[in-house]
Participant: 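Pasting in a structure now, in structure tokens, and then I'll have a few things to ask.
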Amino acid sequence: MNQVTVTLPDGSSRTVPTSTHVRDVAEGISPRLAKAALAGLVDGTLVDLSYPIEKDGSVRIVTDSSPEALPLCRHSTAHLLAAAVTHLFPGAQCGIGPATEEGFFYDFIVDRPFVPEDLEAMEKKMKELAAQDLPYERQMWPRDDAKAFFAKRGEPLKVQLIDEKTAGQREVSCYTIKDPDTFIDFCVGPHVPSTGRLKAFKLLNTSNAYWKGDARNQPMQRVYGTAFLADKDLKAYLTQIEEAKKRDHRKLGRELGLFTFHHWAPGAAFWMDKGATLYNILANYMRDVLFPAGYVEVKTPLVYNKALWERSGHWQHYRQNMLLIESEGETMSVKPMNCPGHFLLYASQVHSYRDLPIRFHEQTPLHRDEASGVLSGLTRVRQFSQDDAHCFVMPEQIGDEIERLLRLVQRIYGDFGLEYTAKLSTRPEQFLGEIATWNHAEGQLKQALEKAGQAYTVNEGDGAFYGPKIDFDVTDAIGRKWQCATIQLDYAQADNFDLKYIGADNGEHRPVVIHRAIVGSFERFIAILIEHYAGAFPLWLAPVQAIVLPISDRHLTYAASVRDQLKAAGLRGELDERQEKIGYKIREAQLQKVPYMLVVGDRESAEGTVSVRSRSGGDQGASSIDDFIALARDEVRTKASSSTPVTKGSTTDATEQNGEARKDKARQQ
RNA sequence: GCUGGCGUAGCUCAGUCCGGUAGAGCAGCUGAUUUGUAAUCAGCAGGUCGGGGGUUCAAGUCCCUCCGCCAGCUCCA
């Protein structure tokens with residue numbers, strides 16, 4: 001009999017008969033391993049346990065603890081869902097059902113949209129099928145037979161998939177879950193050996209989707225779910241979704257009196273006094289950071305003639321998101337970005353090489369006429385402002401400037417206790433300019449990243465067509481990722497706007513433009529901060545830093561003087577002068593997440609003190625007013641963080657359905 | 001923009017299936033209470049049921065339409 005030699009991860013090897021199944025290799029290693037086995041990795045390819053080994057090579061058994069296990073299990077769970085749906089909805093057509101970062105989905109064409117009760121029924125059916133521990137069996141069908149089979153069964157989408165995915169193959173692989181109705185699906189696999197291995201899954205929601213994600217194609221019903229290898233991981237994930245819901249900035253924004261919306265101004269926030277305070281704290285914080293870093297603050301017009309947008313290219317590429325206005329027969333647009341205004345401003349003067357880099361910072365409002373369906377709380381709005389800036393540099397200054405920017409990013413995210421990662425995006429297929437210029441620019445970005453000690457990943461070909469860029473994802477207290485900062489090199493617009501500087505050689509030269517934002521839109525960043533801190537802002541950000549709570553009316557005068565002293569010391573102090581019991585006032589202040597409550601009664605009025613109660617630590621005892629002020633100012637100065645992280649899920653980052661790493665790159669230009 | 005769900009008092013929600021002139025809790029207001037570390041008691045007031053149109057003797061409830069919100073999709077210089 002022919003034999004093959006398999007090499008195991010520990011370096012040892014065994015000789016087994018040709019066509020030995022992966023399962024049997026596991027069995028040969030240890031029965032326990034065979035029992036735990038979910039799949040195999042043969043020469044680096046993930047395969048079923050039933051995969052026959054035909055040639056010498058490496059074999060690794062995939063178990064619960066392997067990194068491959070989770071996506072595998074999710075994919076198999078998607079199949080289980082499809083099996084359940086075909087049971088419950090005879091005639092349902094199956095689309096595709098992949099594993100995703102958070103779980104899985106499967107798309108179906110059905111007669112009517114799914115409702116929540118359908119999800120319950122599906123999940124119940126899935127649990128039944130899992131309890132029966134039905135095997136996932138791989139079958140190789142002649143291609144034409146498979147097509148004929150799916151065509152006959154009324155699944156033209158599957159026929160289309162076979163056509164597209166297996167051109168030139170004689171056989172295609174299908175998987176069946178051997179239940180009484182024998183659910184069969186065209187699929188490359190692999191899958192877990194049987195449905196009994198799927199122990200922790202939950203269907204989450206349904207939504208509309210289109211075949212191949214194209215709105216011109218048939219609308220389908222998508223069912224989202226998630227699955228884990230262990231029940232405790234699923235529970236942790238669901239807990240985290242709950243936690244994310246509790247932190248939802250839309251809910252907290254209302255409860256904490258920060259902002260509101262009105263249907264007559266969709267996509268634009270109304271900032272209430274406390275929200276406006278927070279907004280201004282952030283805006284001024286950015287000014288405080290950027291001014292010493294060599295930036296100047298400018299203000300440029302909100303509305304420009306169409307001619308400007310034609311020059312910048314926005315008219316050709318971005319018009320659908322621009323709010324147009326007619327004025328005296330001229331077409332104008334509210335600015336969606338600051339860049340063109342900054343170019344005009346730069347070009348309004350002659351610049352010497354001695355003055356570069358020139359860094360324009362601007363916080364005026366922008367308007368992007370986003371499609372109504374994409375608006376969402378503060379994270380996707382039509383009106384917002386940014387910590388926007390454009391740095392005009394000589395080509396040889398790029399490296400230094402990027403390095404300075406990386407340090408700014410480090411410092412700023414550090415102040416908010418946000419972890420982050422960096423991504424370098426390089427030359428796309430369609431690009432402007434010379435390859436040599438691109439290579440040089442990418443090299444300078446890499447060098448700057450390394451010099452600044454900034455870890456990063458590379459996204460090949462994901463740069464803007466006018467230049468490479470570095471994007472940053474921040475991770476909040478419950479593990480969700482959000483894209484905020486972006487640093488983009490631009491070689492195109494200096495030409496478009498004929499920007500120049502006079503060099504040491506007394507000749508005219510083109511500067512390079514660096515577009516950059518660090519917090520991005522203040523609106524969106526505030527949403528992130530609300531969810532990051534769960535509304536309990538550290539003292540330096542809290543709209544109300546301390547509230548004075550008199551015990552009874554006779555302490556009002558003293559309480560007011562305490563409040564006034566706080567204000568005089570630059571602290572945001574308030575006074576609760578309602579005739580309520582102290583417990584009531586404390587409860588309210590606590591729910592409003594005010595960092596410090598200062599209780600004043602007979603003792604305190606007599607001694608000139610306050611009883612300090614902290615939001616997180618409870619009663620701190622008496623303190624002189626001056627001592628409290630000194631302590632609070634120190635806490636503000638150090639930006640001490642009091643974020644409230646929760647236990648992280650053991651196997652995955654938390655998400656909130658609408659929140660995670662939105663794809664809307666800060667669309668700067 | 002597309003698909004689906006939703007829209008009742010400031011907030012959270014009941015009432016909508018089977019049409020018969022709106023209900024609770026919290027918040028608010030008024031009064032009493034003068035209070036020591038997470039909710040004092042009582043009373044009062046509050047809604048063109050998202051807007052418009054239609055069906056009907058009668059519409060929060062049924063139909064059409066518009067707007068907004070939510071979840072996705074799509075888009076994202």
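Heavy-atom basis, side chains included; hydrogens, waters and symmetry copies ignored. So that the names make sense, note that chain A is the first sequence line, chain B the second, and so on, each numbered from 1. Bear in mind the structure is a predicted one, so any value in this text is a computation, not a measurement.
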Participant: Counting only heavy atoms not in A:E434 (residues, nucleotides, ligands), do more than 12 fall under 6.0 Å from its CD?
Facilitator: no
Participant: How about A:K585: does its NZ atom have over 12 heavy atoms from other parts shown lying under 6.0 Å from it?
Facilitator: yes
Participant: Rounding to an integer number of angstrom, what distance separates B:A59 and B:C26 when you compare their P atoms?
Facilitator: 34 Å
Participant: Could you work out the separation of B:G23 and B:A9 based on their C1' atoms and round it to a whole Å?
Facilitator: 11 Å
Participant: When you compare B:C17 with B:U3, how far apart are their P atoms, in angstrom units rounded to a whole number?
Facilitator: 26 Å
Participant: Go ahead and name the base partner of B:C2; Watson-Crick or wobble counts if both distances stay under 3.5 Å, otherwise write none.
Facilitator: B:G72
Participant: Applying the Watson-Crick and G-U wobble criteria at under 3.5 Å, what pairs with B:G47? Answer none if nothing qualifies.
Facilitator: none
Participant: For a 4.5 angstrom cut-off between non-hydrogen side-chain atoms, does A:I514 reach A:D490?
Facilitator: no
Participant: Which label fits A:F392 and A:H390: parallel for a plane angle under 30°, tilted from 30 to 60°, or perpendicular past 60°?
Facilitator: tilted
Participant: Pick the P atom in B:A14 and in B:C6, then give their distance to the nearest Å.
Facilitator: 12 Å
Participant: Within a radius of less than 6.0 Å around CZ of A:R311, do more than 12 heavy atoms belonging to other residues, nucleotides or ligands occur?
Facilitator: no
Participant: What integer number of Å spans the C1' atoms of B:A27 and B:U12?
Facilitator: 11 Å
Participant: Do A:T364 and A:K335 come within less than 4.5 Å of each other through their side chains, counting heavy atoms only?
Facilitator: yes
Participant: Hey, do the aromatic rings of A:Y106 and A:Y224 have their centres closer than 6.0 Å?
Facilitator: no
Participant: What's the gap between B:G31 and B:A45 when it is taken at their C1' atoms, as a whole Å value?
Facilitator: 14 Å
Participant: Is the closest side-chain heavy-atom distance between A:F261 and A:L378 below 4.5 Å?
Facilitator: yes
Participant: Using atom C1' of each nucleotide, how far apart are B:C62 and B:C18 to the nearest Å?
Facilitator: 12 Å
Participant: List every contact pair, protein side and nucleotides 3-14 of chain B side both N or O, where the distance is under 3.5 Å.
Facilitator:
| unit_1 | atom_1 | unit_2 | atom_2 | d |
| --- | --- | --- | --- | --- |
| B:U3 | O2' | A:N208 | ND2 | 3.2 |
| B:U12 | OP1 | A:R254 | NH2 | 3.1 |

Participant: Got a list of protein N/O to nucleotides 34-38 of chain B N/O distances below 3.5 Å?
Facilitator:
| unit_1 | atom_1 | unit_2 | atom_2 | d |
| --- | --- | --- | --- | --- |
| B:U34 | O2 | A:D553 | N | 3.0 |
| B:U34 | N3 | A:D553 | OD2 | 3.0 |
| B:U34 | O4 | A:D553 | OD2 | 3.1 |
| B:U34 | O4 | A:Q579 | OE1 | 2.7 |
| B:U34 | O4 | A:Q579 | NE2 | 3.3 |
| B:U35 | OP2 | A:R554 | NH2 | 3.4 |
| B:G36 | O6 | A:D602 | N | 2.8 |
| B:G36 | O6 | A:R603 | N | 3.3 |
| B:G36 | N1 | A:E604 | OE1 | 2.9 |
| B:G36 | N1 | A:E604 | OE2 | 3.4 |
| B:G36 | N2 | A:R603 | NH2 | 3.3 |
| B:G36 | N2 | A:E604 | OE1 | 3.4 |
| B:G36 | N2 | A:E604 | OE2 | 2.4 |
| B:G36 | N2 | A:S611 | OG | 3.3 |
| B:U37 | O2' | A:R613 | NH1 | 3.0 |
| B:U37 | O2 | A:R613 | NH1 | 3.3 |
| B:U37 | O4 | A:S611 | OG | 3.4 |

Participant: With both distances under 3.5 angstrom, what nucleotide forms a Watson-Crick or G-U wobble pair with B:C41?
Facilitator: B:G31
Participant: Sticking with atom P, work out how far B:U16 lies from B:U61, rounded to a whole angstrom.
Facilitator: 12 Å
Participant: Measuring only between side-chain heavy atoms, which start at C-beta, is A:F537 closer than 4.5 Å to A:V544?
Facilitator: no
